[in-house]
Amino acid sequence: MKKILFIVPPHLKFSDYVNPSDRVKVVKKKDGRLYGNLITDMPLGPLALSAYLKKYIPDLETELLDFNVELNSLDEFSFDSFSAYFEDFFAKNPQYEKFDIFGVSCLFSPSYLSLIELSRTLKGRFPKSITIAGGNIPSNMYKDLYEIESHAIDLICYGEGELPLLEYLQARDPDEYVRGSNSWITREKLSQKNFFPAHNFIGDLDAIPIYDYELCGAKYSLNPTYTTYGSHQDREYNFHFLTSRGCPFFCIFCASHKVHGRKMRYYSLERTKRDILELKEKFGVKTLLFQDDHFMGDPKRALEIVKFVGDLGIKFIFQNSLALYALNREFLEACKRAGMDQLVLAVESGSDRVLKQVMKKPLNLKIVKRVVTDCRELGIYTFCNIVMGLPGETRQDIEDSRQFLRTTYANWFGIYIANPLVGSEMFDICAEKGYLQENWIGSDYKQAVVSTEDWDAQFIEQKAYQMNLELNLLFNSDYRLGNYKLALEAFERVIKAKEGHAVAYFMAAKTCYHMGLKDKGDQYIAEARENYTSNAFWKMHMDELGVNPFLFKLEEKIDVLTHDEVELEVVGEAKGHFTNF
Ligand code: B12
Ligand code: SF4
């Protein structure tokens with residue numbers, strides 16, 4: 001009987017975990033120290049593989065070990081590297097010795113270095129077991145991995161793993177099978193001139209049984225990403241869920257197609273419904289987190305799924321956003337009726353030129369305007385993702401984007417720095433033009449590692465952070481529209497997430513005064529002043545924004561800009577916008 005342990009390495013570089021920058025979300029442990037935020041979302045890859053393999057090999061034993069979950073559950077962390085931590089972990093947990101195969105699943109660039117450290121530890125401690133790596137990073141960085149790490153990783157799977165892994169496990173001579181299959185990459189094959197890895201997609205998704213959710217224990221509720229999206233804070237009974245694979249678009253910053261391809265494949269509607277019912281009956285699911293790349297690929301089907309889920313009384317969110325062009329009023333109304341109260345919108349930029357010519361994204365700003373307005377009218381909380389710092393984007397584009405977004409009344413904005421994801425067209429452009437900084441490996445969306453002729457990485461980091469402070473705090477749309485309760489909730493979330501956030505304290509104070517909560521307002525303004533005075537970081541940012549917590553008056557009338565106005569007048573600098581400052 002074969003035994004496979006699926007392992008997910010930490011989603012952050014060690015340095016970003018133990019020494020997070022001022023600009024990122026952090027977690028405080030009981031040891032009083034701040035750590036980088038490791039998400040604990042359910043890893044659907046291993047869950048799909050486990051379900052599929054067990055269907056054909058019934059006596060197969062599988063388990064899941066997710067180091068993001070393990071690290072989140074620690075009260076303190078005293079190791080000086082992830083290697084030291086892994087060594088200690090496996091020494092204390094000898095039960096893992098029984099596994100024949102370690103299947104490491106690595107999806108994100110920041111996990112690249114921890115994947116290397118993990119595989120070294122595994123090989124050192126369990127030399128007889130086989131270590132296989134799969135997922136987006138091994139599929140795209142196999143050359144780098146084998147160059148750096150010649151012996152720790154035995155096999156790399158290219159793209160989707162269901163068919164290759166099953167064929168490998170069922171092969172009479174696995175080594176011979178690997179030699180003959182282009183879905184498997186080995187160090188030896190890299191030296192062969194004519195070797196090109198090839199996908200082995202699973203055509204009929206219905207052939208995969210319901211994902212093996214049993215592998216995820218209760219600890220998965222520790223820190224799921226979706227709790228950062230405003231209105232959802234309950235952590236239990238959330239299940240990640242997939243109804244399709246693939247996406248036909250060509251956004252230059254995206255690497256999804258390198259694993260799942262550009263052709264849409266869907267689970268049948270009947271099958272999708274059956275799985276949802278099972279999740280409800282067996283696990284008591286309360287919220288479904290759809291993870292499809294292009295859920296709106298078939299809008300009719302999408303509408304039917306939404307209605308079905310709504311009728312069952314299950315909440316849902318689309319964590320990876322939905323194609324905005326397909327979000328017509330009928331669909332949004334159906335979502336609302338079905339209980340959806342928030343939507344992630346992949347707006348990406350407030351510049352039409354950037355959307356069309358730089359990102360190659362199927363979207364224009366008129367659509368953004370319509371969807372955000374519809375959502376406001378329907379009471380759907382909107383979280384807009386924005387990325388900046390792409391090759392080809394100019395300083396003027398960034399300014400145009402900033403001006404437009406200030407007139408967009410989304411509830412919240414996620415401002416990210418475009419990251420040269422291996423496997424994306426953006427990566428190829430940056431590599432070819434010499435735009436990549438040395439530290440690009442392991443970087444994430446908070447860290448700029450690209451410098452072009454127009455700007456450098458530092459400029460992009462500053463602009464992104466400034467835009468974040470402006471759009472979410474200073475120009476917070478709920479505040480400007482007088483939705484003070486909602487605005488205050490958001491400001492207080494920021495205060496909770498980041499100690500001493502002077503701008504959030506400042507805006508929370510103003511909101512409290514508007515709400516007549518004088519004592520709380522006094523307390524918050526005192527905090528804003530204290531942090532402004534004692535912390536150079538906040539003084540610098542508040543000065544840049546033209547905000548001084550010692551000199552402020554409440555606006556009598558809050559300036560609300562509309563898209564139409566912005567076309568007529570150029571909005572003033574942030575500091576001039578609130579007229580009574
Ligand atoms: C869901 C998702 C998330 C979820 C969480 C996923 C999780 N549970 O860990 C959330 C929303 C939290 C998330 C966050 C981010 N994501 Co994301 N995400 C996805 C998404 C859309 C789907 C992943 C998924 O579940 N796929 C479905 C399963 C079935 O497929 P799979 O995991 O790829 O597994 C298959 C194969 O890879 C392979 N395989 C996987 N593991 C193994 C192991 C072995 C042994 C074998 C043989 C095979 C194998 O077989 C599996 C079955 O076919 C992908 C895009 C995509 N379509 O892949 C992006 C993607 C993985 N994300 C991406 C990125 C960049 C991010 C963020 C960095 C973005 C950000 N805003 O910061 C963050 C990173 C979080 C962090 N560092 O902490 C990039 C990663 C590319 C890269 N080079 O880094 C992707 C590819 C999207 C893109 N734009 O290109 N993400
Ligand atoms: S970013 Fe989204 S829409 Fe664009 S290609 Fe990738 S999955 Fe498709």
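Whatever order the structure lists ligands and atoms in, that order sets their numbers, starting from 1. Side chains are part of it too, since the values below use all heavy atoms of this structure and drop only hydrogens, waters and symmetry mates.
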Give the single entry among [options] that approaches [atom] most closely by any heavy atom.
atom: atom 85 (C) of ligand 1; options: Ser256, Cys251, Cys247; result: Ser256
atom: atom 36 (C) of ligand 1; options: Gly36, Gly159, Gly45, Pro164; result: Gly159
atom: atom 47 (C) of ligand 1; options: Gly135, Cys157, Ala255; result: Cys157
atom: atom 22 (C) of ligand 1; options: Glu160, His257, Gln291; result: Gln291

State the NE2-CG distance between His294 and Asp292, to the nearest 0.5 angstrom.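 Spacing of NE2 (His294) from CG (Asp292) equals 10.0 Å.
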To the nearest 0.5 angstrom, please state how far the CG atom of Leu471 sits from the CD atom of Gln466.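 Atom-to-atom, Leu471:CG and Gln466:CD are 10.0 Å apart.
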Taking ring pair (Phe, Tyr, Trp, His ring centres under 6.0 Å) as the criterion, tell me which of Tyr96, Phe86, Phe102 meets it with Phe126.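 Result: among Tyr96, Phe86, Phe102, Phe102 is the only option passing the ring pair (Phe, Tyr, Trp, His ring centres under 6.0 Å) with Phe126.
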Any nitrogen or oxygen of [X] lying under 3.5 Å from a nitrogen or oxygen in ligand 1? Just yes or no.
X: Gly161; answer: yes
X: Ser105; answer: yes
X: Glu162; answer: yes
X: Met42; answer: yes
X: Asn37; answer: no
X: Ser109; answer: yes
X: His260; answer: yes

Answer yes when Arg265 and Glu162 have at least one side-chain N-carboxylate O distance shorter than 4.0 Å, and no when they do not.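 Looking at Glu162 together with Arg265, the answer is no, because their closest N to O distance does not fall below 4.0 Å.
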In terms of side-chain geometry, is the basic nitrogen of Asp154 or Lys123 positioned less than 4.0 Å from the acidic oxygen of its partner?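 Result for this pair is yes, salt bridge flagged.
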Would you mind counting protein N, O or S atoms that sit less than 2.8 Å from atom 4 (Fe) of ligand 2?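 Near atom 4 (Fe) of ligand 2, the number of protein N, O or S atoms below 2.8 Å is 1.
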Give the numbers and elements of all ligand 1 atoms closer than 4.0 Å to a heavy atom of [X].
X: Gly103; answer: 45 (C)
X: Ile39; answer: 12 (C), 75 (C), 78 (O)
X: Asp293; answer: 21 (C), 55 (C), 56 (C), 57 (N)
X: Val259; answer: 33 (O), 36 (C), 37 (O)
X: Leu44; answer: 25 (O), 29 (C)
X: Pro43; answer: 8 (N)

Mode of [X] contact toward ligand 1 - side chain, backbone, both, neither (heavy atoms, under 4.0 Å):
X: Leu242; value: side chain
X: Leu107; value: both
X: Leu49; value: side chain
X: His11; value: both

Strictly under 4.0 Å, does any heavy atom of Val104 approach an atom of ligand 1?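 Yes; Val104 lies near enough to ligand 1 that a heavy-atom distance drops under 4.0 Å.
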Could you establish whether Arg245 and ligand 1 come within less than 4.0 Å of each other, counting only heavy atoms on the residue side?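 Per 4.0 Å heavy-atom rule, Arg245 contacts ligand 1.
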Any luck finding a side-chain donor-acceptor pair between [X] and [Y] under 3.5 Å?
X: Ser50; Y: Thr62; answer: yes
X: Glu160; Y: His199; answer: no
X: Asn72; Y: Thr40; answer: no
X: Asp100; Y: Ser129; answer: no
X: Tyr177; Y: Glu167; answer: yes

Can you spot which of Lys98, Lys2, Lys54 makes a salt bridge (Lys or Arg N to Asp or Glu O under 4.0 Å) with Glu61?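 Exactly one pass, corresponding to Lys98.
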Decide yes or no for Tyr52 and Ile202: does some side-chain heavy atom of the first lie under 4.5 Å from some side-chain heavy atom of the second?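 Of all side-chain heavy-atom pairs linking Ile202 with Tyr52, at least one is under 4.5 Å.
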Might you confirm whether atom CD of Glu97 has over 12 heavy atoms from other residues, nucleotides or ligands at distances under 6.0 Å?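 Atom CD in Glu97 is not crowded, with 12 or fewer foreign heavy atoms closer than 6.0 Å.
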From Gln291, His11, His240, residue fulfilling side-chain hydrogen bond (donor to acceptor under 3.5 Å, both in side chains) relative to Asp41: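 In the set Gln291, His11, His240, the residue that makes a side-chain hydrogen bond (donor to acceptor under 3.5 Å, both in side chains) with Asp41 is His240.
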Intermediate values then yes/no, ring pair (Phe, Tyr, Trp, His ring centres under 6.0 Å), Phe383 and Tyr381: CA-CA 7 Å; Phe383 184 105; Tyr381 188 97; 7.9 Å; no
Tyr267 six-ring face occupied by Arg274 cation (under 6.0 Å, within 45°):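 Judged by the rule, Arg274 and Tyr267 form no cation-pi pair.
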Check whether Tyr35 forms a cation-pi arrangement with Lys29 (NZ or CZ under 6.0 Å from the six-membered ring centre, at most 45° off the ring normal).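 Yes, a cation-pi geometry holds between Lys29 and Tyr35.
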